[in-house]
Each structure stands twice: as C-alpha cells, then as structure tokens.
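The block underneath contains the structure these notes are about, expressed in structure tokens.
Numbers for residues simply follow the sequence, beginning at 1.
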Amino acid sequence: MAWTMDTLSLSVNAVSYTVAAEIPTTDDPFSGPIKNIAPWNFTVLAVVMFVVTSLSLTENFLVMFVTFKFKQLRQPLNYIIVNLAIADFLVSLTGGLISFLTNARGYFFLGRWACVLEGFAVTFFGRFRLLSWMCIVALWSLAVLSFERFFVICRPLGNIRLQAKHAILGLLFVWTFSFIWTFPPVLGWNRYTVSKIGTTCEPDW
C-alpha cells in the first residue's frame, strides 16, 4: 500500500492552520503492474508459465489421444488416469494460458471476467503452479484412485475389483462435488479475486 500526502486547512480562533493528511492509495491490478514488484519478476513467471503450460497441454493431450486410440487401454482404472489428464489439460488451457498472458504484461489486463474464469478454472480443475494449494478435481480423482488400490491390495471386502460402473460413479461424484464447492463464488457467494502478486486469481480467503 502506498501513501500520498494531501493538505487539510483548519481554522481555530480565526487563525488558519494547514496540516498534512495521509491518504492511503492502493494499486489496481486491472489497470497496471503493482509498483513494489520489479518487472523482471513477471518476465520470469511468464517464461515459467509458458514452459509448464506447453508441457502440460502436450503431455495430457497425448494421454487422452493414446487411450482413445488403443482399446486395450480403456480399463476402469485408466478412466481415473484419463480423468486426471482431462482436468490438467483444461486447467492448462484456461488458467495456464491466462496466467502466461497476464505475467507477460505484468498485470491482470484481461479484466475481472477473466479473473473469475481463471480463479474458477484453477480451483475446479486443478492448480499446477509452483505454490500449489488447491486442486479439487485432481485431488479427489487421486483419492478415488487411492481407495481403488486399497481395496485391491488390502482386500477388506474380499476379492473386489474396480469395474467400469464403479469408476464412472466415482468420477461423477468427483466432478459434482468439486463443482458444488467451487461455483458459488462465481454467483457472488464469496468471490474470485486477484492474488497478492497481481497477475493470478484465486478465492478471496
């Protein structure tokens, strides 16, 4: 937060006094870069986001393409793995691309609608940034995968294996549960807002 000096005139017993008043002003991340962060930091972040986003889009597309092409890979367990690839691909396509563009400019020049879009996308699909803190669909997909491995290896309910209907029901739960928890801020129950660095968006904690 920056401070500017302004003057305030007072009159006491017909004698005028001029005093300085401090008025706080804040940087607007939608109109320009945050002044206390050097521009080279955003350049580094833009390069990192370009590399990570490009690799993520390529690798996850290959997972989806290979699974679609070869029928022998369409096993119930692979449904969950493909689901992870879809979530990562979508977060790269939305959040990764937006983050690269805003860091390249040094501020969130795309406006509030894109901030809401990025905040929702990276929270709903999954967040792959260096400081990961939330990835709803990705985390719950891994949780479903962990439960499947637990039942197969430890066999608490006997010789039960993951079938297609089990995988589909698990993924329906993952996407529905994730949507319920991440969409309300879009409607105004809390909100998605610009993060401290001014080039990414997240839930307003």
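Once rounded to the nearest 0.5 Å, the distance linking CG of L45 with CH2 of W40 reads 9.0 Å. Distance check, rounded to the nearest 0.5 Å: CD1 of I197 to CD1 of I37 gives 5.0 Å. Taken to the nearest 0.5 Å, the CG atom of L101 stands 5.0 Å off from the CZ atom of F109. Here the CD1 atom belonging to I80 is positioned 5.0 Å from the CG atom belonging to L145, to the nearest 0.5 angstrom. Remark: L142 CG to L84 CG distance equals 5.0 Å, nearest 0.5 Å.
A continuous path of hydrophobic side-chain contacts links V91 to W175 [ILVMFWY only; heavy atoms under 4.5 Å]. In the hydrophobic clustering of this structure, I81 does not group with L90; members are Ile, Leu, Val, Met, Phe, Trp, Tyr whose side-chain heavy atoms approach within less than 4.5 Å, directly or through other members.
Around CZ of R74, the count of heavy atoms belonging to other residues, nucleotides or ligands within 6.0 Å exceeds 12. The number of heavy atoms from other shown groups lying within 6.0 Å of CZ (F50) does not exceed 12.
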Could you go through F124 and W181, starting from their C-alpha distance and side-chain angles, then the distance that decides it, and tell me whether this counts as ring-ring contact (aromatic ring centres under 6.0 Å, His included)?
CA-CA 8 Å; F124 180 50; W181 282 100; over 10 Å; no

Criterion side-chain contact (heavy atoms from CB on, under 4.5 Å) on F42 and T102, from CA distance to verdict:
CA-CA 9 Å; F42 298 114; T102 53; over 6 Å; no

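Remark: F173 pairs with W140, F177 by the ring-ring contact (aromatic ring centres under 6.0 Å, His included) rule, at least two apart or across chains.
Under the 3.5 Å distance criterion, with hydrogens and angles disregarded, no donor-acceptor pair is assigned to the side chains of T182 and T123. Judged purely by distance below 3.5 Å, without hydrogens or angles, the side chains of N103 and T199 pair a donor atom with an acceptor atom.
Applying the disulfide (SG to SG under 2.5 Å) definition to pairs two or more places apart or across chains, none involves residues 44-104. Pairs of residues two or more places apart, or lying in two chains, that qualify as disulfide (SG to SG under 2.5 Å) and include a residue from residues 72-115 are C115-C201.
Counting heavy atoms from C-beta outward, W189 and F183 have side chains that stay 4.5 Å or more apart.
Closest approach of A167 to Y79, counting heavy atoms only: CB-CD1, 3.7 Å.
Side chain of N190 to backbone of D204: a donor-acceptor contact under 3.5 angstrom is found. Side chain of N78 to backbone of L73: a donor-acceptor contact under 3.5 angstrom is found.
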